[in-house]
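The structure under discussion appears below in the form of structure tokens.
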Amino acid sequence: MEVLEKNKIQQKANSQGKDLRPDMLVCQDITKIYPTPKGDYTVLADLQLTVKKGEFISIIGHSGCGKSTLLSMIAGLNEISAGKVLVDQEEIRGAGPDRAVVFQSPSLFPWLTALQNVLIGVKQVFPHASKKQKLDICKYYLDKVGLGNDLNKRAIELSQGMQQRVGIARAFALKPKVLLLDEPFGMLDSLTRGELQDVLLEVWQKEQITALMVTHDVDESIFLADRVIMMTSGPYAKIGDELRIPFERPRDRVHVLEHDDYYDYRSYLMNFLNH
Amino acid sequence: MKDKLIKIVRFCGLGFLEPLIRLINGEEPKKNATNFVKKALFPVFSIILFIGIWHSGANYLFNKEATRKIEKAREDQGEEAAIAMQACIKAGSVSCQPNTLPSPAQVWGAYLSLLDDHRAISAKKDEFAAKTQKINAKRAEKGEDPIQYTGRPSFLDQIKTSIKTVFAGFLLAAFIAIPIGIIIGLSSTLRSSFNWLIQIFKPVSPVVWLLLVFMIIKTLITDPDLDKSFMISFISVGLCAMWATLVNTSMGVATVDKDFMNVSKVLRLSVGKNIFKVILPASFPLIFTGLRITLSVAWMVLIAIELLAQSPGLGSFVWEEFQNGANDSNAKIIVAMFVIGIIGFALDRIMLTIQKFMSFDKSEVA
């Protein structure tokens, strides 16, 4: 009975036809091994993942399953034990602004203002732009995340939620090929989290940047993503299943929540996580 | 206005004035009055208590020393000499005063006499300057050095010299310790290879540093016009005091928040940008804590070094007064002690204020 139900949901979701967009991010046979005193610990084993251009992917899984490790390897902040990561057909070498990261903690430089925090990245990516152009880019994104009036506030004076808004603006302002989000709203209260999901979705809708988000919030993953990747628990974690979320874009919370299929998707994901 | 004043007062570490300001503004009179008594009046009581204990202690020591002196006179020269000695002490004659801990009143007297002395010397200096003005102008035309006043420095001159020396030493320490601290902080290999050096030289006594610097300076500097004793003392002060900054800087640089480093990697900041825009600002609070310790250590060792190096300053003032053995020498030494303490405290406050001002997290600095 349950199997039947699953198939139905999958079929319905996957009936969209083949995605013809080019591949933006490809992970081939990604393996991560941490040496420990008791011998090697294999977190991820031969993981395969392909993300199309402009796609929004969320990865869910239990804590410690290696989803954040996967993200930081794609970001180039963590060494890949075996396999490779291709971004726009090119193998990555170390970290770089083509893969912007929104970290779990906002990680703003507290001695700089909101504007300066964004500017420091913009200066790196657009070194030949005029000063005014650079400032305009920063202001545009800070305005988009709702901080148009707090440009010159120092990062330390902003609340956690506002700091994470700056973090989002900083990432988008880099005009990255891939946007990586590492449980970006994990440290926020649920009200702020909702607000920031809306902000993120709004900016993303405009930019259509390929995005990969790690989360353990099922609702968040459905609301934001085109495709939810479910990871099995480690060691030797891999992709267990995936689910397409074919809700129309631009999305808004009320419509998504009221959609007939929403709870089917939700229970499908919950079902995976609970087994 | 009131809030601004309170902010300033708090910033300077004079928080005990806050209730008074609030009280004057008629804000919660009862609470602020008790607070004022607690924060400002109790310390005053403690000062009075301190002076009281000092006074009676000095009295006790004075009597003990006087009795001993009289007894000695009696033993050596007989009853008559003892009576004469007793009378002499009672009369307060300079020739037979017991040499012991001076009382607060004596110290205050010594303080006033030092001020008088300063005024007298300043007057002499002005007179000298007026006299030599014409000659010096002529000498300057000819390209010769002006004639300098070479008389005895006053107590205040000594203080100025000491402060000059401590700042020179402090700057030297900062210029050596911060760059080296950054370099060894950046690399764990360098850190472990230089650790032995830091661990061994950190606890070396200022006296030994002085001798080491003396050996080197004596050989290096042969020009008699250079102020060798000043150089020796400020370099020794710098070398003694720089370790706190060195250790703190390297620790601050080595322990920069990993998230900041990740951001820096994602943005692909160049090495220079990474150091100056991320690592340095992030380790600034720790560097400044180090500098604060360095300055207080510098001030503490300065006195000992001046004392030994015979370079002018408070240290040599203390030593000279001790050797001098005049009637009020002990009192003058105690005056110097208070001056040293108060200046040290003031220096620390200044550093704390700068530290608060520079730190990005205002609440972090205690």
Side-chain angles (χ1 to χ4, degrees), chain A residues 68 71-79 87 92-113 116-127 153-158 163-164 166-167 170-171 173-184 187, chain B residues 3-4 7 10-11 178 181-182 185-188 248-249 251-291 352-366:
Chain A
S68 280
L71 195 95
S72 65
M73 282 194 290
I74 296 171
L77 296 171
N78 200 338
E79 253 177 73
V87 170
I92 61 156
R93 245 172 263 283
D98 57 330
R99 283 151 286 137
V101 185
V102 180
F103 297 94
Q104 180 170 20
S105 71
S107 312
L108 301 183
F109 298 133
W111 53 90
L112 298 179
T113 63
Q116 287 167 332
N117 262 295
V118 181
L119 188 62
I120 194 170
V122 170
K123 274 186 181 165
Q124 286 299 110
V125 184
F126 307 105
K153 272 204 183 143
R154 301 220 295 167
I156 200 137
E157 295 166 346
L158 301 172
Q163 288 192 30
Q164 197 55 292
V166 180
R170 176 173 65 184
L174 297 176
K175 303 262 179 206
K177 288 177 179 166
V178 180
L179 181 67
L180 303 168
L181 304 120
D182 186 7
E183 295 184 34
M187 284 166 89
Chain B
D3 290 328
K4 218 173 183 182
K7 227 177 175 180
R10 268 196 196 158
F11 199 73
I178 294 178
I182 292 168
L186 287 172
S187 143
S188 57
N248 268 35
T249 306
M251 199 167 80
V253 169
T255 57
V256 171
D257 195 335
K258 227 180 148 227
D259 285 341
F260 294 162
M261 299 312 286
N262 278 342
V263 171
S264 167
K265 276 186 204 156
V266 168
L267 297 179
R268 281 221 182 117
L269 295 181
S270 61
V271 178
K273 265 193 174 174
N274 189 24
I275 291 175
F276 286 104
K277 300 246 160 156
V278 181
I279 292 175
L280 266 188
S283 42
F284 215 87
L286 261 182
I287 293 178
F288 240 84
T289 312
L291 284 176
L352 184 71
T353 309
I354 298 173
Q355 190 184 358
K356 271 187 187 170
F357 192 70
M358 304 293 261
S359 167
F360 51 85
D361 186 358
K362 303 277 186 245
S363 60
E364 215 172 58
V365 181

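Lettering of chains follows the sequences in order, A, B, ..., and the numbering in each one begins at 1. Keep in mind that what you see is a predicted model, and the values were worked out from it rather than measured.
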Asn274(B) versus Met261(B): any side-chain heavy-atom pair under 4.5 Å? yes

Contact winner vs chain A - Asp259(B), Val266(B), Leu269(B), Leu267(B), heavy-atom pairs under 4.5 Å: Val266(B)

So which residue, Ala155(A), Gly96(A), Gly76(A), ends up with the most heavy-atom pairs under 4.5 Å with chain B? Gly96(A)

Between NZ of Lys153(A) and CD of Gln163(A), what distance do you get to the nearest 0.5 Å? 12.0 Å

Taking the side chain as everything from C-beta on, heavy atoms only, tell me whether Leu174(A) gets closer than 4.5 Å to Leu179(A). no

Bottom line for Lys273(B): the part with an atom under 4.5 Å from chain A's heavy atoms is side chain

So what's closer than 4.5 Å to chain B heavy atoms on Leu108(A): side chain, backbone, both or neither? backbone

OG/Ser283(B) to CZ/Phe260(B) distance, rounded to the nearest 0.5 angstrom? 11.0 Å

Below 4.5 Å from any heavy atom of chain B, which atoms of Arg99(A) appear? Answer side chain, backbone, both or neither. both

Check whether any side-chain heavy atom of Thr113(A) sits under 4.5 Å from a side-chain heavy atom of Leu119(A), and report yes or no. no

